[in-house]
Amino acid sequence: MFYDRERELEKLNEVYSFPGSSFLVIYGRRRVGKTALVREFLKDKSGLYLFVGEKDEALLLEEYSREVKERLSDYLPSYVRLDFKSLEELVEFLLEFSRERKLVVVFDEFQNFRTVKPSFFSSLQRLWDEKKDGSNLMLIAVGSYVGMIKRIFMERKEPLFGRADEWIRLKPFDFWTAWGFVRSLVDINPRDFVGLYSALGGMPRYLLYVPRYYSGDSVETLWRLFFDEFAPLREEGLNVLKLEFGRFYRAYFSILEAVSLGYVTPKEISDKTGMKLLTVGKYLSELTNHYEYLTREVPVTENPLKTRKVAYRVSDEFFNFWFRFIYHNYTALEEDPERVFERFKSEFPAFVGGTYERIAREFVKKLDPGFKPERVGRWWHKGEEIDVVAYDRENIALFEVKWRDLSPKDARRVLKALKRKAKLLPLRGNYRFGIIARELESKEELREEGYLAFDLDDVIHQRPFTPSTSQGP
Ligand SMILES: Nc1ncnc2c1ncn2[C@@H]1O[C@H](COP(=O)(O)OP(=O)(O)OP(=O)(O)O)[C@@H](O)[C@H]1O
Ligand SMILES: [Mg+2]
């Protein structure tokens with residue numbers, strides 16, 4: 001059953017409603033749900049789904065001709081010949097056909113044309129420029145290798161440069177959509193779900209393993225998904241990323257591994273990997289801007305363009321987990337998976353804590369803390385850190401995030417420490433303090449005193465709470 005993707009479908013339908021032709025690119029990492037999305041979109045439209053397999057042009061054309069006959073022959077007089085001799089002939093036909101009626105054509109794994117017929121990109125450009133104006137063709141290029149797709153459409157010297165009218169970058173489900181998706185398939189408690197989400201992220205394909213593998217215990221489930229000899233996701237990172245980076249994948253992998261292990265500044269990464277700082281900088285910039293596998297973070301009070309205080313993190317929860325626990329232990333996993341798993345078990349709670357902080361920041365963005373925050377993020381300075389800072393010109397809300405069950409006494413201690421750290425912040429205004437814990441025993445009491453007190457129960461149900469008073473630092 002197809003789940004969500006409402007905004008993407010809305011966007012696709014909007015483009016569909018435009019008169020004339022449009023060229024739309026859908027890209028996103030492997031397994032994120034691109035094919036499922038376009039198939040859902042095509043369900044109630046006249047359109048063609050054409051998969052670009054890495055085959056001979058002639059073999060592809062055989063498939064495409066069959067698809068065209070099946071879908072479009074009703075609209076055509078029987079004397080029209082639908083056996084195409086070249087990809088160019090096919091495209092010309094599609095542009096002609098759509099003069100009379102709207103037609104959607106999807107090329108899935110579009111980047112594969114590069115090996116099928118490299119000259120096709122420039123002939124497509126020529127045909128498109130020449131004929132699109134009189135036609136009503138919605139051409140959708142779907143691509144899995146983010147780097148390659150961007151190169152094809154964004155590099156100046158490439159024939160299709162500037163031809164894409166619209167872009168959809170398909171991202172994994174956010175935490176709440178992933179929760180809704182999994183809950184529609186299997187009975188699971190929120191705590192276990194956060195644990196599994198920290199490893200699987202919002203990837204529909206991986207979340208589909210949960211109903212089959214969830215045993216009532218998230219750590220056990222991860223053993224069977226990632227560590228066991230026949231674990232289905234043990235090789236997944238390699239399978240998905242190797243082709244993306246091509247020949248030089250090892251250097252990219254080393255950097256992703258270092259970041260997942262907590263070496264997050266260029267200097268730390270350079271020390272860890274033994275690569276020169278200059279080289280690290282080049283890879284970091286590529287991994288961030290071009291491939292989008294890393295995210296560059298700065299303390300929330302800093303100007304992102306000016307500050308030198310940067311920290312990188314692996315953008316995708318799945319890759320973060322995979323590099324941290326699987327790739328990092330590759331050899332040991334071959335020899336003694338049990339030992340690797342024992343160590344994993346002791347490190348996992350802290351790892352989930354990191355994921356919970358990111359979830360908490362998203363939660364705060366959706367929350368109304370009594371004002372509309374202009375920025376929400378993490379803050380750090382010389383070894384001090386505040387998990388969530390949300391602020392506008394007058395108001396500041398600070399949160400400590402704990403992946404633990406807090407007793408009333410623990411909660412007081414956490415708030416006290418938070419107030420001390422608040423004095424280090426370069427922000428002036430009305431301060432509010434809060435906690436986002438796994439479970440918070442004294443939640444009601446704290447709220448009555450004006451604190452922003454939440455636990456997983458609120459987070460997972462997105463239950464907001466607006467306090468009445470604020471406290472000074
Ligand atoms: N919105 C969704 N609702 C339900 N299931 C989904 C959804 N999106 C994807 N899936 C499922 O997840 C799996 C992976 O999706 P899909 O094959 O569409 O990904 P993809 O991005 O095309 O991946 P690849 O790059 O490997 O081709 C499929 O089994 C699909 O049915
Ligand atoms: Mg696909």
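Order of appearance sets the numbers: ligands from 1, and atoms from 1 within every ligand. Nothing fancy with the numbering, it's 1 onward along the sequence.
Within ligand 1, counting atoms from 1 as listed, the ones closer than 4.0 Å to a heavy atom of F2 are 1 (N), 2 (C), 3 (N), 4 (C). Against a heavy-atom cut-off of under 4.0 Å, F173 is close to the following atoms of ligand 1: 1 (N). Of all the atoms in ligand 1, the ones that sit under 4.0 Å from a non-hydrogen atom of S144 are 25 (O). Listed by number with element, the atoms of ligand 1 under 4.0 angstrom from any heavy atom of P204 are 6 (C), 7 (C), 8 (N), 9 (C), 10 (N), 12 (O). Residue Y3 has at least one heavy-atom neighbour below 4.0 Å for each of these atoms of ligand 1: 1 (N), 2 (C), 3 (N), 4 (C). Of all atoms in ligand 1, listed by their number and element, those nearer than 4.0 Å to a heavy atom of F181 are 4 (C), 5 (N). Near E109, meaning under 4.0 Å from any of its heavy atoms, are these atoms of ligand 1: 25 (O), 27 (O). Of all atoms in ligand 1, listed by their number and element, those nearer than 4.0 Å to a heavy atom of R5 are 1 (N).
With a heavy-atom cut-off of 4.0 Å, F51 does not touch ligand 1 at all. At a 4.0 Å heavy-atom cut-off, ligand 1 touches L208 through the side chain alone. Of the heavy atoms in M1, only backbone atoms (N, CA, C, O) come closer than 4.0 Å to ligand 1. By the criterion of a heavy-atom distance under 4.0 Å, both the backbone and the side chain of K34 are placed next to ligand 1.
Within the model, atoms OG1 of T355 and CZ of F348 stand 7.5 Å from one another, a figure rounded to the nearest 0.5 Å.
Ligand 1 is never approached by R39 to a heavy-atom distance shorter than 4.0 Å. Residue contact check for ligand 1: M203 places no non-hydrogen atom closer than 4.0 Å to it. Contact analysis puts V32 in contact with ligand 1, with a non-hydrogen atom separation below 4.0 angstrom.
For the Mg ion (ligand 2), the N/O/S atoms of S144 include none lying under 2.8 Å.
For atom 28 (C) of ligand 1, the nearest protein heavy atom lies 4.0 Å away or farther. Distance remark: protein heavy atom not present below 4.0 angstrom from atom 31 (O) of ligand 1.
Closest protein heavy atom to atom 13 (C) of ligand 1: R205 CB, 3.7 Å. When only non-hydrogen protein atoms are considered, atom 23 (O) of ligand 1 lies nearest to R31 N, 2.9 Å. When only non-hydrogen protein atoms are considered, atom 26 (O) of ligand 1 lies nearest to R30 NH2, 3.0 Å. When only non-hydrogen protein atoms are considered, atom 22 (O) of ligand 1 lies nearest to T35 OG1, 2.7 Å. Protein heavy atom nearest atom 15 (O) of ligand 1, with residue, atom name and distance: G33 CA, 3.6 Å.
Remark: R29 qualifies as a cation-pi partner of F319 under the 6.0 Å distance and 45° angle criteria applied to the six-membered ring. The side-chain tip of K150 does not point at the ring of W167 from less than 6.0 angstrom away and within 45° of straight on. F41 carries K45 over the face of its six-membered ring, with the cationic atom under 6.0 Å from the centre and within 45° of the normal.
Residues E286 and Y252 have side chains that bring a donor and an acceptor to within less than 3.5 angstrom of each other. A donor atom on one side chain and an acceptor atom on the other are not found under 3.5 Å apart for Y249 and E244. At a cut-off of 3.5 Å, with distance as the only test, no side-chain donor of R30 or N239 sits close to an acceptor on the other residue. Judged purely by distance below 3.5 Å, without hydrogens or angles, the side chains of Y293 and D316 never pair a donor atom with an acceptor atom.
Under the 30°/60° scheme for interplanar angles, the aromatic rings of F227 and F344 are found to be tilted. Taking the six-membered ring where tryptophan is involved, the planes of F245 and Y291 are perpendicular, since the angle between them exceeds 60° and thus also 30°.
Counting only distance, with no hydrogens or angles, the side chain of S17 and the backbone of E14 share a donor-acceptor pair below 3.5 Å. Under a 3.5 Å cut-off, the side chain of K117 and the backbone N or O of E57 do not form any donor-acceptor pair.
Distances from atom 8 (N) of ligand 1 to the heavy atoms of G143, A36, S184 show the closest one on A36.
A salt bridge links K365 to E362: one of the charged nitrogens lies within less than 4.0 Å of a carboxylate oxygen.
Just one of F51, F113, F23 meets the ring-ring contact (aromatic ring centres under 6.0 Å, His included) condition when paired with F107; it is F113.
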